[in-house]
Each structure stands twice: as structure tokens, then as C-alpha cells.
2 protein chains.
Amino acid sequence: MRGIARLARELGVSTATVSRALNGNPNVNEATRQKVLEAAQRLGYAANQAARSLAQGVTHSVGFMIELDQESTTSTDYFFMGVVEGMQAVLAAHGLDLLVLPCAKSQDNFTFLQRFVSRGAVDGLILAETRRIDRRIDLLKSSDIPFVTLGRSDSGSGYSWIDLDFEGVMATAVERLVRLGHRRIAVTVPSNDANYGAIFAQAYRDNLARHGLDFDEALVFPTRRREDDGDSIVDGILDRPDPATAIILFYEVTAIGIYRRLAERGLKPGRDLSIIGFRREESVRFLMPQVTCFQMSLQDLGTAAARALLAQMPMTVRAFPSGIVQSRVPLSLVPGESDGPVCLREG
Amino acid sequence: MRGIARLARELGVSTATVSRALNGNPNVNEATRQKVLEAAQRLGYAANQAARSLAQGVTHSVGFMIELDQESTTSTDYFFMGVVEGMQAVLAAHGLDLLVLPCAKSQDNFTFLQRFVSRGAVDGLILAETRRIDRRIDLLKSSDIPFVTLGRSDSGSGYSWIDLDFEGVMATAVERLVRLGHRRIAVTVPSNDANYGAIFAQAYRDNLARHGLDFDEALVFPTRRREDDGDSIVDGILDRPDPATAIILFYEVTAIGIYRRLAERGLKPGRDLSIIGFRREESVRFLMPQVTCFQMSLQDLGTAAARALLAQMPMTVRAFPSGIVQSRVPLSLVPGESDGPVCLREG
DNA sequence: ACACCGATTGTAAGCGCTTACAATCGAGGG
DNA sequence: CCCTCGATTGTAAGCGCTTACAATCGGTGT
């Protein structure tokens, strides 16, 4: 005999009483509860997870699905750990375990997710790297499992998401540059299929318009998250009749290549070309002059996502309202020396 | 009625037959199996995880416990993603799910682990950041759950571990520097309580001895994984009667601070001070001159750990021998320009 | 024609826990 | 002193799946 039955026999009570005592059920004599807890402690007993889930119909755990991208492993990860930290803290406070579920880029992320969902392995899900069109969202919507996505998609609106405030970032960046006298502002956008690229690009257009600036397709540079697009960008910006005087980077690392190319051409970042990076990255911290960029708390992003999830989960106590949450976490500007007043030196 | 029973009724067979068909049991008529599979597919059926685990006594999942260090979140993560990728691939090929279990630095990692173990939430475990003395290892040894640690500990030897080949790295580094004429070689070691620090330091002493060099406590610098210990290191090395001419860094980022200080003193890395870094890092890729360092495949580390775990799990098919595995994954030297022949300029 | 056998399927007993419902007991009310 | 009621505990029916064991059936050997 094992498990709860053993404990029960040991104490001369029924398994029901043990179960109640362990689960904080109020219908147990306090003295009895103490005896049970003591014995459980002494025998190192912990309820079997599977049996519990089966009987209760819930797992007390939520999954955070991430995708492992062989190519950019060294980068995305760095992003997630902070986020996971925030999530974990909030979920743990509500008695939920966070399971990070890594999906290899090579396998179909839809099938991967489906397995966990249809098997009832988790009570809730958080998705990362949302696509513009993402079947996973439809899947989750049609199943009845609570979920939150990190990033918006175009898959309708009846669900919760948390995203970065790309619009706010872009508004601040453009306004800052305009104040400094810039009228021709270039931009880099991610070249992958994640939705944030489209959002970032749209925010760029919107904010140019807001300041009465013309949009020029030639000033938009798709980049990957690596430092070596500097040459084409710098040359593309400057070697034209109406060169741009500033650029906003989606990936801050791009600054490295740009700095390099500027140096080769005898130009100085901040004077001959103003540069504003988006999300602050570890590997760029040491670049001089420091890149003006935007910073955020990854932990906050995580806690926001966790809370948005909890808001949909059936539970008795909750420190915040329930329902659908759609919000953008703000980033703050970290001024550097990579931007400055437009340089009046004429080509 | 739901689950397997529904499927069974739908098909006019017993639940036992459905279960057998779904689980690849050979005692099922092939035609029947096809019908079952087709129906399951059609109805989007997948066996309930909890019920399955309860009945079988196994979960088909393994946990990878990592610790979230608020301070170094931005760094360690980057390490894990590659590792997770390797693990996931191997485990998935054996029908196991990998669950990454994040433990907040603030909570007791022993209790955290214990919960998952005693609740039977996973069939196997992989531990990261092993301490010299690590109660978790004793816990796992006394429970009967298969496990592997990333990193050695002093907790006996009857268990599997995978570690980096610190000894090999140090041997190569010292030998390289000795060949270049260096006789006074400094070292930085991590200042935390993980076991690898002690191992690295010991390997340093051993290899100095091997080449007949004296060990000097003053040339050992504890550092954290950040760039700003450069001043004290450079000054500590050079402002002494018998300055060191080379240094081996545990954390490659330390090179950034060192370069900076060297520059301030009008000195050049590779000429006035030879520098060899340990594990190659993203954020140092752009430092000039490039740091000579050691590189490894994080994926390989992950696959090695996963295989070592599988070697202990009860299973019928396995592509490699079972038993305890203790191995070190090698790193390869990436020559840069940060080291060179000892500079004969006399103080 | 009969016992026997392998292939296939069904029956039913759990796996360890939760929980609706019944049972018990002592106290307070009439 | 009997009845009702609240507090506490026990009983037992599942939760959805696996699997040992029994049952069925068509074919074989004699």
C-alpha cells in the first residue's frame, strides 16, 4: 500500500480525511489536520501528480511554448529568460507550475502545441513569437483552454495578448529625431515572418505622416538580427541624392555594422548619422559612442503575460479583474551619444 | 461519455481494443487498428495525459531544472537555449517531452526539485548549475529517478554527469602560452559557488605545474561575469615586480574591461598582454583584436546530457549502452589576435 | 468430429486521488 | 428526554486509461 492510503492507515483515518487535510478543506478538525501534515512531512509524502490531475481535472501547471531557432539561438533565448522569470514568480504565487515547452524549429509548431492541449497536459498556455497568421491561436480559441500570446496576430481579437509598445517606441524615436531637425529618417525592419515586423513598419509610416514627412520605400531596410548589414545600409542611405540623416534600428546589433562602415567612410555616428536602436541588447552595451535605444523590463513582460493568463483561469481568488487583456508594455528611452542635431554639412 | 470510451462506442469495440490500437500493441488486427487511428484522427482524440500516467506509472516526460538568476539573467539564458535544443531533439526522438522547469533564485532549489520528484511529475531529470556540494544530487540518488547533472559535484560518484572539459581547455591554453614564451600566466576564476570555478582553478594549478611554472596566488582574480573588472586585473598584473605577460579568462567578457584598461595605459592586447578567453560569447564577438578563445557546441552538450539520461531509463530500445555516463565535452580553440609571443620590452 | 491453438477482442480490476453523500456524535432547544 | 443541527469523518463512486485474464472464433491435426 502506498500513497495516501499508507498515510491514512498510519494515522488510523480515512483517505478522504487525509486528502481534505492536505488540500486545505475547511471541514477537517484542526487537530486532525496537524497530525496529517506532520505525518506527511515526516514520510516525505506528496500527492501523485497524475492521480490528482485525473481526479480534479486540472493540472495546476501552465505551459510557455517557445521555439528553438537554430540560427538565432544565441539571441532569442536571452530574451526569454527574463520573461520566464517574471512569469514564474506570478504563477508560483498562485500555486501554478510553469513548464517551458521548447519546440524545435524543425518540427511543426501547430502539432507540437496540439499534443499538449489535447492531452490536457496544462491548464493554460502562453505562446511566444506569434505570427501574423497563426493557426495556433485558432486552435487554442476553439479548444477551451485559457491562453495568452506574446505578440499580436491577425487572428481575430477575442483573446488576450501582451506585446511591446512598438507604436510608442516609434512615436518617441521619430519625435526625438524630428526635434533634432531630421527630416529624412530611415528604418530597419526584421526580415522574418513574425508579426512585430509589420507592426514596427506600420508605426514608422504612421509617425512619419504625423510629422508631415514623406515615406520613402528606399529608406526601409530589412535586416536579420546580426551585425553585418552595415555596409549596405550606410551606403544605401548616404549614396543618394537625398540622403537620410537618421536611422531607427529594429535590432540594436545592426549598429555595430553601421558604426564600422561609418568609420570606414570617415564619418561619425551621432554627428553624420543619427542612430536610435530599439531594444537594448547585451552585446551592444560596449559600443562607443553608446547607442541611444529603448529599454524595458523583461520581467515585467513576463508578469504581465502571466497575469493576463490568470485573468482567464477559473479560480476563486484573484488580485485583479478577470477577462481578456490586451496590452502593450512600454519601453523607456536610454539616451546615448549616437544621435544628435542634424549635421548641416552639405554633400 | 468522453475520451477513449467515446471512441470505443463510436467504433463498436471495447476501450481495451482502442487503447491497444493507439499504443501500438501487436495484438490488434491491423484493419481494426487502422479504423481506430482514422477515427482518433477524425475526432481529434489524444489520450489524457494524467490518466495515462496514472495507469502506466510513467509520464513520458523529463524535466530540465534551471535556475533563474536575476542578476545574470541576461547571460546564462543564452547558454541554456542551445543546450535545450540538443536535449529536446534527442528526447523527442525517444518519445519523451522535455519540460524546462525554471526555479527562481529566490526559492530553495532543493524544495523546488523535491516537489517535482515526489509528485512523480517527470520520469527523469537533468540538473544545471551543479554546486560543489549539492543536496539535490543526494535527493535524486535516494529517490530512484534517473538523472544527469550538467557539471560535476563532490557528492559521490555513482551518478551521471556531463561537463565541459575545463581540464582540456586549460591544458591547451597554458601550453599555447608557454610555447609563446610566457612564464608568468594569470587567470580569472568565477566568484560564485558553482563547482566549475574550483575545477577551473585546479586545472590552472595542475597545468602550471606540468610546465614547471610557479603558482602565484596574486595572479588569480575572482571575477563575475561582467566586463568591469578590467582595471583591477590589469593593474594587479602589471604593477608588480614580476608582472604576468598573459592571462586566461574564465569569462570572455572580462576581456572588454581589460582591453579598455590596456588602452588607457597605452598598451596593446596580444603584444603587451596575451589574453585567452574561455567560452566564446556573443557579446565579445565584436571586440578588436579578436579574443583567442574556446568554442563548443551547446547543442552537443545538450544531446550528451539527454543521452546520458536515456542510458538510465528503463526502455526496450536504445541506440547506445545503458548505465552511468560521466563525460566531458571538448572545446576547440578559436585563434584570435589577443595572444602572441611574450613581449621582450623590459619594465 | 474433437481437442487444441493462435489471433483477436472483451471484461473488469486497478492506478492514487478527490468528493458527493451518508453516517456518526455531542450539544442545544423544546 | 427526544429531536435537530453543525461539525467531523467515513464510504464509495468515479476521473480516463492500461492490462492481466478470460472469452470467442476459425482453422488444424488426428
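Chain naming here is simple, since letters A, B, ... match the order of the sequence lines and numbering starts at 1 in each. From a predicted model like this one, the values you see are computed outputs, not experimental measurements.
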With sequence neighbours excluded, tell me which residues meet salt bridge (charged side-chain N to carboxylate O under 4.0 Å, His left out) with [X].
| X | result |
| --- | --- |
| B:D163 | B:R152 |
| A:D134 | A:R136 |
| A:R132 | A:D154 |
| A:R33 | A:E30 |

Identify each donor-acceptor pair in which a side-chain atom of residues 95-103 of chain B lies under 3.5 Å from a protein atom, sequence neighbours left out, and give them as a table.
{"residue": "B:D97", "atom": "OD1", "partner": "A:R115", "partner atom": "NH2", "Å": "2.3"}
{"residue": "B:D97", "atom": "OD2", "partner": "A:R115", "partner atom": "NH2", "Å": "3.1"}

Can we say B:E10 and B:K35 salt-bridge, meaning some charged N sits less than 4.0 Å from an Asp/Glu carboxylate O? no
Using the ring-ring contact (aromatic ring centres under 6.0 Å, His included) rule, collect all pairs that involve [range], keeping only residues at least two apart or in two chains.
| range | result |
| --- | --- |
| residues 46-68 of chain A | A:F64-A:F80 |
| residues 11-54 of chain B | none |
| residues 105-149 of chain B | B:F112-B:F116, B:F147-B:Y159 |

Note: contacts of residues 24-41 of chain B with DNA chain D (heavy atom, under 4.0 Å) are none
Heavy-atom protein contacts under 4.0 Å, nucleotides 13-21 of chain C, coded B base, S sugar-phosphate only, - none: -BBBBBBB-
Restricting to ring-ring contact (aromatic ring centres under 6.0 Å, His included), what partner residues turn up for B:Y196, sequence neighbours left out? B:F250
Axis-to-axis angle between the two ends of the helix from C:dA1-D:dT30 to C:dG30-D:dC1 (five base pairs per end, rounded to 10 degrees): 50°
